[in-house]
Number of protein chains: 2
Amino acid sequence: MATMRDVAERANVSIATVSFVVNDTKPVSPATRARIVAAMKDLNYQRNVVARALASHRTRIIALLYPALDHRAGPTIMKFITKAASVAHSRGYDFVLWPVSNDAEQMSHLLAGGLVDGVLLMEVQVNDARVDRLVESAVPFALIGRTNDSSLPFVDIDFKVTLEKALDYFTSLGHTHIALVNEHTPGGLLDDLGPLVRTEASYREGMIARGLVPQVVFCEGSPQSGRLAATDVLALNPDTTAIIVMNENAAFGVVSGIKRSGLLVPEDVSVLSISTSSEMGALSDPILSTMNAPASELGELGVGALIDQLEGTVAHPPQLLIACPLVLGESTGPAPTRRR
Amino acid sequence: MATMRDVAERANVSIATVSFVVNDTKPVSPATRARIVAAMKDLNYQRNVVARALASHRTRIIALLYPALDHRAGPTIMKFITKAASVAHSRGYDFVLWPVSNDAEQMSHLLAGGLVDGVLLMEVQVNDARVDRLVESAVPFALIGRTNDSSLPFVDIDFKVTLEKALDYFTSLGHTHIALVNEHTPGGLLDDLGPLVRTEASYREGMIARGLVPQVVFCEGSPQSGRLAATDVLALNPDTTAIIVMNENAAFGVVSGIKRSGLLVPEDVSVLSISTSSEMGALSDPILSTMNAPASELGELGVGALIDQLEGTVAHPPQLLIACPLVLGESTGPAPTRRR
DNA sequence: CTGAAAGCGCTTACAG
DNA sequence: CTGAAAGCGCTTACAG
């Protein structure tokens, strides 16, 4: 592998000058530049990124810290990662995966190695020790999700607007008895997870603001528990004509639960799966109406926010919220006109 | 951030000696070692991985090359990546994601930067230009999947054994008319993809070896096309009592297609989804019987094979095949005793 | 068992 | 516009 020195010798210049043209960091006369470019081509020169990193104090690597224990592995997270890595690459950064347990200690250790210029932290909890560690580490970061500390840079789903849109949609179809099936794993890792908290709060607010009565049933992240939840909802309030489900796996169960109760989807009960993906929705029969987690957008904006910080192109740490777009499938429709 | 020099001064030794204890690479007397360890603790010393990489000619980073355009993003690939990253970490390596288009040029460029010690290439095609580039780049690698060149190190699903197990299972239940719905995207990226080719070949061989008549119908990777495929299968041969589906999305459609034909799953027709995951299977009603893609195993063994090469702990490049384990759901059962 | 020193391949003030 | 030189923070023969 040719080095900068090789190029410099062949082009009869100093390695500093080679560096200037490689990085386009100082003006170089057209003639010299041409000689250098030719030499690079001849030698098939490729700059060594490790040496560059050591000398420049910038590795141009960013890390995604994600919960190693997380076995939820749908299209959403994969899209997020794929997009994040692509955007990083297109801006000249490498993207490393750091699976960390919730143990913040291990994280500090990784950061101290100096491998990365910045960090993206996902699955941020409302109170998150890892965030505190990040702050004290002085390594630039952006959060996917957010804590209570409103001064930190983050990108998150706008659950308030998402729920507003969901409720607007249903009320415009004449629904008044709209239930929420929300994920809740007591004592588990998901406890204290912002999305669930914010979803429920936004739902309740939105219902009350519309003069409607909130009805929340909890489920776990499985079709089976979704089935139970559907039964519960219908038992608690047989007038329910619409269900918003905040867990894509449970949504499948909600549909089959309703069917097993002898009711039709969407003729009797509409089902809307939120914070999920159309790909998942398409697997259901009827195809689920969904509000899609903006995974690619979160990846793109998250990486963008981080790199903007790294490159100092931004004054304030950005705080971005993105609502889930509504994609109609076959599982929602007008409220039934006659009582069942 | 404290450097090795700081530690050396505080412990009154040379930086070489510090290096020896940090890396445990040469014997150091207990007394000196103790002083150095204490100094490191005092200064909260953490070795700079970039400097180490430059000096040692080893970055301890491995890359996963994956198709950027790939929008198939189920639990399988996520499990693979998660496990691969974890195993890499536990062996002291960082794991970077390199989304590359099929363009082999870009790949060579990345490799030449010297960021990584080795590479994992996934979605390997039967004839794959990227593999040729890898070979000539002299960067150690392992393939997930395999080409025609049988001398390269790889880890792959054992489709032959998988199909054998599937056929054994069905014939033991009395099925004789067993169809295969295989994914096939003409002219697309998936064309020429080994798994589809090997699945079909193994299926045909297996059927013929059992004195049965193979029946193959193609589908694309969607529930809709699975629905069509189910209809086709039943039209072509109404005696079909079992269907093996080689695409998890299509499998959902196969089930609903059968139901829409007025038949029951599994009472009339059994459906087995292969190279998928139980998580996906659980979303179906009835729950799909599946043969699960060994995603974690592929990740673990792939990374293991690569790192073994890097560390020279292995003589021959390993070639590993893993069959998909059968997990029974509700979508398969005995062959119906009476003709429909 | 320990140290002095070269070197990894770059970047970056500084000087001209 | 170009160059000489220091330095990034380590590893690794080599010598003792």
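Excluded from the calculations below are hydrogen atoms, water molecules and symmetry mates; all remaining heavy atoms, backbone and side chain alike, are included. Each chain gets a letter, A, B and so on, in the order the sequences are listed, and its residues count up from 1.
- Counted within 6.0 Å of CZ on A:Arg5, heavy atoms from surrounding residues, nucleotides or ligands total 12 or fewer; the atom is thus considered open.
- A:Ile157 meets the side-chain contact (heavy atoms from CB on, under 4.5 Å) test with A:Phe159, A:Thr162, A:Ser275, A:Ala293, A:Pro294, A:Leu298, A:Cys324; sequence neighbours excluded.
- Contacts between residues 39-57 of chain B and DNA chain C, defined by a heavy-atom separation under 4.0 Å, are made by B:Leu54, B:Ala55, B:His57.
- Map A:Ala16 and A:Met1 each onto its nearest nucleotide of DNA chain C; the residue landing nearer the 5' end is A:Met1.
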*Please assess B:Leu310 against B:Tyr93 for the test side chain to side chain contact (heavy atoms under 4.5 Å, CB included), listing each intermediate value before the final yes or no.*
CA-CA 11 Å; B:Leu310 295 179; B:Tyr93 285 76; 3.8 Å; yes
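- In the 5' to 3' direction, nucleotides of DNA chain C lying under 4.0 Å from heavy atoms of chain A begin and end at C:dG9 to C:dC14.
- Residue B:Leu65 forms a side chain to side chain contact (heavy atoms under 4.5 Å, CB included) with just one option from B:Arg130, B:Gln106, B:Glu123, B:Met107, and that option is B:Met107.
- The salt bridge (Lys or Arg N to Asp or Glu O under 4.0 Å) analysis of residues 133-142 of chain B, with sequence neighbours excluded, yields the pairs B:Glu105-B:Arg133, B:Arg133-B:Glu136.
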Report, one line per pair, each donor and acceptor closer than 3.5 Å where one atom sits in a side chain of residues 112-122 of chain A; sequence neighbours left out.
residue	atom	partner	partner atom	Å
A:Asp117	OD1	A:Thr59	N	2.9
A:Asp117	OD1	A:Thr59	OG1	3.3
A:Asp117	OD2	A:Thr59	N	3.2
A:Asp117	OD2	A:Arg60	N	2.7

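- Backbone-only contact: B:Thr32 has heavy atoms under 4.0 Å from sugar-phosphate atoms and none from a base.
- In summary, B:Arg91 and B:Asp308 engage in a salt bridge, as defined by a charged side-chain N under 4.0 Å from a carboxylate O.
- At distances below 3.5 Å, at least one donor-acceptor pair connects side-chain atoms of A:Gln309 with backbone N or O atoms of A:Phe141.
- B:Ser86 contributes a side-chain N or O that, together with a main-chain N or O of B:Thr82, makes up a donor-acceptor pair within less than 3.5 Å.
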*What pattern of brackets, bars and dots sums up DNA chain C from 5' to 3', given Watson-Crick or G-U wobble pairs under 3.5 Å, [ ] for crossing pairs and | for another strand?*
|||.||||||||.|||
*Step by step, would you call A:Asp42 with A:Arg35 a salt bridge (charged side-chain N to carboxylate O under 4.0 Å, His left out)?*
CA-CA 10 Å; A:Asp42 292 348; A:Arg35 285 210 315 285; over 6 Å; no
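- Counting non-hydrogen atoms under 4.0 angstrom, A:Ser29 reaches the backbone sugars and phosphates but no base.
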